[in-house]
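Report on one structure; see the data block that follows.
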Amino acid sequence: MKVPFGDPAAEYASLRGEIDAAIRRVLESGIYMLGPELEAFESEFAAYCGSRHAVGVASGTAALMLALLACGLEPGDEVLTVPNTDTPTTSAITHAGGRVALVDTHPRTFNMDPDRLEDAITDRTRVVLPVHLFGRPADLDPITEITRRRGLILIEDAALAVGAEHRGRKVGTFGVMGCFSLAPSKVLGGVGQGGIVTTDDEALADRLRVLRNYGHAPGLSLDPANLLGGGFTVLEEGHNERLDEIKAAALRAKLPTLDDRIERRRQAAALYDRLLADAAAMIPPVDEDTRNVYHSYNVLVDDRDAARQFLAARGIATRVYYNPLLHRQPAYAYLEAGPGSFPNAEAAADRMMALPLFPQIADEQVEAAAEAVVDFVGPA
Ligand SMILES: Cc1ncc(COP(=O)(O)O)c(C=O)c1O
């Protein structure tokens, strides 16, 4: 049995009528940027998350960079994040004029370790940027307490965690801003790149809207039928990072059924949990007060690369995320963080692999993948 790593086309097929109608609606309207679909998607996404505002942007990368710019980093300001994330988390810090500083992760959850966060804070720290890794909320109680007590700005990298909850509250609403990716492989995957920033702060939302659109003051009509279009005020030097109307319309078509797909992800994860409970592999821990949306299902095994070959020989796809870790990448040699700098993250990175998990996966496919893992690793 073949088990692919994901199936975006199957998701499209299950919503074909809604997505086709949404895209046609945009094409026929003649308004392709900054129009009614984006505005509607922003309010629907904000309502879904429980935030007052949401600002659509071109990618999760843009969401992070514009959020960091919007909070006014000064040169030399440090932003604390984790080494086991994708490059955009850290490159956004640099592009927004800040300095990257890394904190080790917790050996149980692989999310930012709050105890090490406290130790890593310096006089130059301005922002704390935890990642909700693979759809599991970071340890938000201590992280929000520490950032509040130390007067720091909390921004969440929720790129992988649309719909995840901590104590019944959605991620993206704990920090001053939450940054989401809407790329095809994400939990709310669009028909191309996309991102969105959530915030309760109206001034920040306004600034994000200016920053994503060249720095122009809002109000300029992009409707070609407008008889007196043109003319603008440049408030600051911004970027070209809007979320297009076609993409916003397709995302609107998907949002109403997002929770159904998340529940299917959670069922498939629970099946993996049961099937791998007695295997010599570490499976993702389940916490009562969190809703993990399982962007991916990552296990730790010995001899990970051989395990992947073994699964591939049975037709089962796997992935390895964020390996080597960021501080071991050439772009971050300047951090001078050698092997052993972040021991928990490093120990996990050597053993971690992601098993197939997506909303359309069949139980039989989960069973085949889990059986292959058990056959490779043996009993605990
Ligand atoms: C943790 C994390 N943050 C940010 C991003 C950036 O998102 P995007 O690819 O939409 O720019 C990614 C991308 O996959 C990611 O994994």
Side-chain angles (χ1 to χ4, degrees), residues 41-57 60 63-64 67 70-71 80-82 85 89 105-106 108-115 117 127-182 186-188 195-205 208 251 254-267 269-270 284-296:
F41 176 61
E42 288 177 339
S43 27
E44 287 157 12
F45 190 84
Y48 176 80
C49 291
S51 67
R52 287 184 58 212
H53 308 279
V55 180
V57 294
L64 287 160
C71 68
L80 283 169
T81 190
V82 286
T85 183
T89 316
T105 53
H106 194 279
R108 181 175 170 276
T109 62
F110 317 121
N111 272 325
M112 178 182 278
D113 185 341
D115 290 338
L117 168 63
V127 177
V128 176
L129 179 59
V131 176
H132 302 305
L133 193 69
F134 308 137
R136 166 193 296 280
D139 201 350
L140 286 162
D141 288 341
I143 291 175
T144 48
E145 189 278 319
I146 292 166
T147 49
R148 216 169 279 146
R149 175 160 48 78
R150 304 289 293 260
L152 302 173
I153 298 167
L154 176 62
I155 298 178
E156 299 165 66
D157 183 339
L160 306 177
V162 178
E165 294 175 9
H166 173 70
R167 298 191 194 285
R169 187 170 145 195
K170 292 268 186 338
V171 301
T173 64
F174 289 82
V176 176
M177 286 172 276
C179 303
F180 295 86
S181 170
L182 305 168
K186 301 305 193 298
V187 175
L188 177 59
I196 195 160
V197 183
T198 47
T199 184
D200 282 344
D201 185 320
E202 191 166 354
L204 281 175
L208 288 163
L251 287 159
K254 286 188 162 194
L255 187 59
T257 48
L258 172 62
D259 277 326
D260 298 340
R261 290 190 296 282
I262 289 175
E263 281 318 308
R264 176 59 197 146
R265 284 176 182 273
R266 288 170 54 78
Q267 282 167 6
V286 176
D287 293 317
E288 295 246 308
D289 52 4
T290 67
R291 183 193 196 209
N292 184 340
V293 293
Y294 292 98
H295 160 267
S296 49

Okay, side chain of [X], backbone of [Y]: is any donor-acceptor separation there less than 3.5 Å?
X    : Y    : result
R265 : V187 : no
D200 : S51  : no
H132 : A138 : yes
D287 : T290 : no

Any side-chain heavy-atom pair from L255 and L188 closer than 4.5 angstrom? yes
Would you compute the distance between atom [atom1] of [X] and atom [atom2] of [Y] and round it to the nearest 0.5 angstrom?
X    : Y    : atom1 : atom2 : value
C49  : I196 : SG    : CD1   : 7.5 Å
L133 : H295 : CG    : NE2   : 9.5 Å
N292 : R266 : CG    : CZ    : 7.0 Å

Taking side-chain contact (heavy atoms from CB on, under 4.5 Å) as the test, write out the residues that go with P256, two or more places apart. none
Considering only distance and modelled atom types, tabulate donor-acceptor pairs under 3.5 Å from the side chains of residues 170-180, sequence neighbours left out.
from, atom 1, to, atom 2, distance (Å)
K170, NZ, E165, OE2, 3.2
T173, OG1, R169, NE, 3.3
T173, OG1, K170, O, 2.6

Carboxylate-amine/guanidinium proximity below 4.0 Å for D259 and R291: yes
Residues passing the ring pair (Phe, Tyr, Trp, His ring centres under 6.0 Å) test with F41, sequence neighbours excluded, are F45
Whether the R148 and T144 side chains hold a donor-acceptor pair (N or O, under 3.5 Å, no angle test) is what I'd like checked. no
